[in-house]
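Since we're looking at a predicted model, the values are computed, not measured.
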Amino acid sequence: MIAVLIPAHNEAEVIGRCLASVRRAADHPGLDEPVTVIVALDRCTDATAQIARSFGACVVDVPTPGGVGLARATAAARAIELGADWLAITDADSEVPSDWLFQQRALDADAFCGVVEVGDWLDYAPGTACAFEASEPVGVDHGRIHGANMGVSAACYLRCGGFPDVACSEDVALVRALQSCDARIAWSPYPVVRTSARRQAKASGGFSHFLQQLERSLLQGQPTTSALVCPVPNAIESQS
């Protein structure tokens, strides 16, 4: 069984689109196994829970004090309790392609790290989109780490210790732990997840912070570099 893990902190405005895209991915004709969606409610005070339930998602409450690391870990723990052997990971402000789950399952790997594209550049300064694309390797062995586009086997997740209880960069910490456990990681350019460039970050130091830092460097005429690339000594090429 596949479990899709989605942390959510007051995501009522966007999570419906995310869940609709996950539903399409779960209905892929080549995918012959059940899919459970788990939304981890992180201090939500809006209608996120009701929307998630309307899509048939399993809803779990994140213990105090919350935070994205704890939210992802809480969702993963419930998924494993339910018998999932593969954990597909995305964010509430993202939309996955219809072959997202199928392609992850087709990989001969312990984990998958994918790339993202930004669907809404909003009021970012001209040139920010180009700077992001220039900083975003997209080929095989790209080395990018995005919590909006990841997957890992439940067995390997448990072996490496899982998501840490941190306020940000929990995705990077998980990947580094996987590498320490000699996990076979597929750094694949496909499938690509579309995510948001929203200004109001839900996690300090996350993707929104990275984009604003990129914009700031651009406006100040400084070199634009990425902090989200990880060495890939054991990366493998996607076989799909």
(request) For the residue pair V152 and F163, establish whether any side-chain heavy-atom pair is separated by less than 4.5 Å. (result) no

(request) Drop me the distance from I2's CD1 to L31's CG, to the nearest 0.5 angstrom. (result) 4.5 Å

(message) Checking D46 now: which residues fulfil side-chain hydrogen bond (donor to acceptor under 3.5 Å, both in side chains) with it, not counting sequence neighbours?
(response) T48

(message) Quick one, D85 and S153 - any side-chain contact, counting heavy atoms below 4.5 Å?
(response) no

(request) Output all residues satisfying salt bridge (Lys or Arg N to Asp or Glu O under 4.0 Å) with D93, sequence neighbours left out; order by chain, then residue number. (result) R198

(message) Using the rule given for side chain to side chain contact (heavy atoms under 4.5 Å, CB included), can you reason through I38 versus L82, listing the C-alpha separation, both sets of side-chain angles and the distance that settles it, and then say yes or no?
(response) CA-CA 10 Å; I38 301 176; L82 294 174; 4.2 Å; yes

(message) Looking at D108 and R184, is there a salt bridge between them, counting it only when a charged N and a carboxylate O are closer than 4.0 Å?
(response) yes

(message) Distance check, rounded to the nearest 0.5 Å: S188 atom OG versus N149 atom CG?
(response) 9.0 Å

(message) Given 3.5 Å as the limit, does a donor-acceptor pair link the side chain of D110 with the main chain of A183, or not?
(response) no

(message) Once side-chain contact (heavy atoms from CB on, under 4.5 Å) is applied, do any residues pair with E81, and if so which ones, sequence neighbours excluded?
(response) R78

(message) Is there a continuous path of hydrophobic side-chain contacts, each under 4.5 Å between heavy atoms, that joins V14 to V193?
(response) no

(request) Please indicate whether E117 has more than 12 foreign heavy atoms, meaning atoms of other residues, nucleotides or ligands, lying under 6.0 Å from its CD. (result) yes

(message) Please find the pair of heavy atoms, one from T90 and one from S94, that lie closest to each other, and give the distance.
(response) OG1-CB, 3.7 Å

(request) Please collect all ring pair (Phe, Tyr, Trp, His ring centres under 6.0 Å) contacts where either partner lies in residues 13-40, sequence neighbours excluded, each pair once. (result) H28-F102

(message) To the nearest 0.5 Å, what is the distance between SG on C58 and CZ on R53?
(response) 9.0 Å

(request) Would you give the length of the straight line joining atom CE of M150 to atom CZ of R144, rounded to the nearest 0.5 angstrom? (result) 13.0 Å

(message) Clusters formed by hydrophobic residues whose side-chain heavy atoms approach within less than 4.5 Å: which one holds L70, and what are its other members?
(response) V62

(message) With ring pair (Phe, Tyr, Trp, His ring centres under 6.0 Å) as the rule and sequence neighbours excluded, what pairs involving residues 37-81 come up?
(response) none

Donor-acceptor contacts under 3.5 Å from residues 15-22 side chains, at least two apart:
{"unit_1": "S21", "atom_1": "OG", "unit_2": "C18", "atom_2": "O", "d": "2.6"}
{"unit_1": "S21", "atom_1": "OG", "unit_2": "V96", "atom_2": "N", "d": "3.1"}

(message) My understanding is that only residues two or more places apart in sequence, or in another chain, count here; which of them pass ring pair (Phe, Tyr, Trp, His ring centres under 6.0 Å) with F112?
(response) none

(request) Sequence neighbours left out, what passes side-chain hydrogen bond (donor to acceptor under 3.5 Å, both in side chains) with Q50? Give chain and number order. (result) none

(request) Tell me, please, which residues at least two apart from A76 pass side-chain contact (heavy atoms from CB on, under 4.5 Å). (result) L5, L87, Y157

(message) Going by salt bridge (charged side-chain N to carboxylate O under 4.0 Å, His left out), name the pairs with one or both residues in residues 32-42, residues two or more places apart or in two chains.
(response) E33-R105

(request) Under the side chain to side chain contact (heavy atoms under 4.5 Å, CB included) rule, what do V118 and Y124 come out as? Steps first, then yes or no, please. (result) CA-CA 12 Å; V118 175; Y124 276 82; over 6 Å; no

(message) Hydrophobic clustering (ILVMFWY, side-chain heavy atoms < 4.5 Å, transitive) - are W187 and V172 grouped together?
(response) yes

(request) Check A148 against V116 and note the closest heavy-atom contact, atom names and distance. (result) CB-CG1, 4.2 Å

(message) Run D91 and R72 through side chain to side chain contact (heavy atoms under 4.5 Å, CB included) and show every step you take.
(response) CA-CA 10 Å; D91 287 332; R72 290 200 201 274; 2.7 Å; yes

(message) Rounded to the nearest 0.5 Å, what separates atom SG in C113 from atom CG in L178?
(response) 7.5 Å

(message) Give me the atom names and distance for the closest heavy-atom approach of A109 to W86.
(response) O-CZ3, 3.9 Å

(request) Can you see which heavy atom on G83 is nearest to which on M1, and at what distance? (result) C-CE, 3.9 Å

(request) Search all heavy atoms of V68 against all heavy atoms of A167 and return the closest pair with its distance. (result) CG1-O, 3.4 Å

(request) Heavy atoms only: give me the nearest A3-A79 pair and the separation to one decimal. (result) CB-CB, 3.4 Å

(request) State which residues pass side-chain hydrogen bond (donor to acceptor under 3.5 Å, both in side chains) with S196; sequence neighbours excluded, sorted by chain then number. (result) D120

(request) Starting at OG1 of T195, measure out to NE2 of H146 and round the result to the nearest 0.5 Å. (result) 9.0 Å

